[in-house]
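Here the structure comes first, spelled out in structure tokens, and everything after it is commentary.
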Amino acid sequence: MFCKHCGNEIKSDVKFCTKCGKQLLYISKVLTEESESQETSKKVFCKFCGNETKANIKFCPKCGRKQIDKNNTKTDLAKEDKKQNPSNATKKRFCKFCGSAVTAAAKFCPKCGKEISALRGVKAAGSLSHSQENILINKDIYESQNKVQHSGIQQNAAIKTDDEKFGVKNLFSQVFKIHTSKERDEIMRAGLYTDENTENIKITPNQFQPWLYSRVLIILLVVFCIFEICLLGFGNSNVMPGVMLIGSLMLPFSILTLYFELNIYRDISFYKTIGIFLLGGALSLLFTLLLYEIIPNSSEFNIIGASLISITEELGKAVIVIMLLRNSKKATILQGLLIGGAIGCGFAVFESAGYAFNAYLETHDLNTRADIVNNYILPWYAQKYGYADDIGSMNFNILLRSILSFGGHTAWAAITGAAYAKTKKIDFDFIKLFSICFVLHAIWDTVTPAVYLKMTCLCLAAWHVIIRQISNFIEENKFKE
């Protein structure tokens, strides 16, 4: 027998169609096996609506269209459809599973065979521009991908409701799942949406499930470990610059990848992101040094000295962030988060590499002084100074600053960028969020007891603000169609 919904040949004792999955409301019970085989051999199905018809009729009893011989080509079918239904020629629908264009009357996709009668967001092509049609296709593809488990096997994933909130779990929900290279390449593809139509796209929390940043962190961590083996195991000092660079880069660059994934519009390419990361980070560092020449600073890390450092460095990054966002035609919070985060990550990498280098030099200088005093001034039996581990001091500095960098400059600049991108004005909301960054930075630099606990709490506080910014953005846009 055949499914009355899609025309797929099925066994007589099944209750659900193996192709479309619909329940079969009728099962022939009176026909013998011989009569059933004779009957099914005569059954045909309408090429336009899938309705069961007889072999000798010329018009479908359901849609009324003229039946085309099975030997006719797809072009002939398209011409006949256009001839009999001129209105359908000016309308297009798109499959929400594969993005293929289908006719307005079609209930099943001609490419993947899945039911599309309940396709959301179908619009007439005559009322949309070419770019808007592409947006509808890409949007449906993107939303369907979020319903598929990335293990390569489609599983039963329920659609999340609009009442569900964006939270920390969204940042890790896909990290421990297996992903394909095709999915990775899809993340890196830019241009999913454009500045002109992002305001009409519906946003849901399940679209924010980044994972690529964890793979980037693993790669950089492996490279760092290899360099450490070369340095500590084989005593090769030539890899020391690599240790400083990769050690300072591994976590900030992973955070940069996270910001790129959170920008689901993909309106900033990864090439441009890298440019902002390098050039923006260097310019913010340069502008900060210029401000240090203007703003008086104290060498003491009390509340006053830390506040002066904080306002200088936060202003140095904020100026570059604002300059870049002002050139954007339609800046969103996600775009501001990415641009600000890229500048903050670049700033953090360059600063941490400098601190690692100085940590090595200072300890090495102490060892040099100890050599001079012990070998040339004091007699051999009166050694006064011990030796410090200069490489160990450098490694400790690298690891500490790298671990804590996720809530430092990488987060503060991202908050500033998202705050400015919301209105592209220095208004009360921007000043409030910028002040939060200033306070967090000032407390960070102030000498207090329980330093590591303090920094951990400051990192969590910064990311709480970022998650709130993304959550508010989703709430403001999730009801848009």
Side-chain angles (χ1 to χ4, degrees), residues 168 171-172 213-214 217 220-221 224 243-244 246-259 281 284-285 288 297-318 337 340-360 362-363 392-419 433-469:
V168 178
L171 302 179
F172 302 98
Y213 71 96
S214 62
L217 177 60
L220 291 173
L221 186 58
F224 177 75
V243 171
M244 295 179 185
I246 299 300
S248 303
L249 180 74
M250 55 184 178
L251 199 65
F253 194 80
S254 303
I255 298 297
L256 174 65
T257 308
L258 171 62
Y259 290 142
S284 62
L285 186 62
T288 299
N297 284 276
S298 174
S299 59
E300 297 182 4
F301 288 93
N302 51 28
I303 189 63
I304 297 177
S307 298
L308 291 174
I309 295 174
S310 174
I311 193 62
T312 303
E313 295 187 356
E314 292 307 312
L315 280 176
K317 292 178 294 184
L337 193 73
I343 293 173
C345 290
F347 189 97
V349 169
F350 300 143
E351 185 183 53
S352 295
Y355 275 110
F357 182 65
N358 286 329
Y360 174 79
E362 289 173 2
T363 309
S393 177
M394 176 192 71
N395 281 331
F396 177 78
N397 183 278
I398 289 174
L399 292 175
L400 178 63
R401 291 188 63 86
S402 182
I403 292 173
L404 295 174
S405 64
F406 81 95
H409 293 293
T410 61
W412 301 328
I415 294 172
T416 301
L433 290 171
F434 180 79
S435 300
I436 291 176
C437 298
F438 161 73
V439 172
L440 292 176
H441 193 166
I443 298 175
W444 183 289
D445 288 337
T446 305
V447 176
T448 59
V451 175
Y452 301 139
L453 177 61
K454 175 194 71 174
M455 291 182 173
T456 302
C457 294
L458 292 175
C459 291
L460 296 177
W463 269 95
H464 173 74
V465 176
I466 292 176
I467 291 175
R468 284 291 301 273
Q469 286 179 306

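It should be emphasised that the depicted structure is a prediction, and the values quoted were computed from it without experimental measurement.
Partners of Thr288 according to the side-chain hydrogen bond (donor to acceptor under 3.5 Å, both in side chains) rule, which considers only residues two or more places apart in sequence or in another chain, do not exist here. For the side-chain hydrogen bond (donor to acceptor under 3.5 Å, both in side chains) test, residues two or more places apart in sequence or in another chain that qualify with Ser352 are Arg401. Taking the ring-ring contact (aromatic ring centres under 6.0 Å, His included) definition, one finds that Tyr360 meets it with His364, sequence neighbours left out. The side-chain hydrogen bond (donor to acceptor under 3.5 Å, both in side chains) test applied to Gln469 returns no partner, not counting sequence neighbours. Annotation: side chain to side chain contact (heavy atoms under 4.5 Å, CB included) contacts of Phe406 (sequence neighbours excluded): Leu251, Ile255, Cys459, Trp463.
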(request) Carefully, step by step, assess Ile415 and Ile436 under the rule side chain to side chain contact (heavy atoms under 4.5 Å, CB included). (result) CA-CA 9 Å; Ile415 294 172; Ile436 291 176; 5.6 Å; no
(message) Show, in sequence, the C-alpha distance, side-chain angles and deciding distance for Met455 and Thr448, and conclude whether the side chain to side chain contact (heavy atoms under 4.5 Å, CB included) test is met.
(response) CA-CA 10 Å; Met455 291 182 173; Thr448 59; over 6 Å; no
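Nearest heavy atom pair, residue Pro252 against residue Cys345, reads O-SG, 3.2 Å. Nearest heavy-atom pair across Ala359 and Asn397 is CB-CB, 4.1 Å. Nearest heavy-atom pair, Phe350 versus Leu285, reported as atom, atom and distance to 0.1 Å: CB-CD2, 4.0 Å. Across every non-hydrogen atom of Ser284 and Phe347, the tightest pair is OG-CD1, 3.4 Å. Of all non-hydrogen atoms in Leu249 and Leu220, the two that sit nearest each other are O-CD1, 4.2 Å. For the pair Phe434 and Thr416, the tightest heavy-atom approach, listed with the atom from each and the gap, is CD1-OG1, 3.9 Å.
Annotation: side chain of Val243 is in contact with side chain of Phe224 (closest heavy-atom distance under 4.5 Å).
A side-chain donor-acceptor contact under 3.5 Å links Tyr259 to the backbone of Thr410. Checked by atom type and distance alone, the side chain of Lys454 pairs as donor or acceptor with a backbone atom of Trp444 at under 3.5 Å. The backbone N or O of Leu400 lies less than 3.5 Å from no partner atom in the side chain of Tyr452, so there is not a single donor-acceptor pair.
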For residues 306-315, run the donor-acceptor check on the side chains, cut-off 3.5 Å, and write out each pair with its distance to 0.1 Å, sequence neighbours left out.
from	atom 1	to	atom 2	distance (Å)
Ser307	OG	Ile303	O	2.6
Ser310	OG	Phe438	O	2.8
Thr312	OG1	Leu308	O	2.7
Glu313	OE1	His441	NE2	3.3
Glu313	OE2	Tyr292	OH	3.0
Glu314	OE2	Lys317	NZ	2.9
Glu314	OE2	His441	ND1	2.9

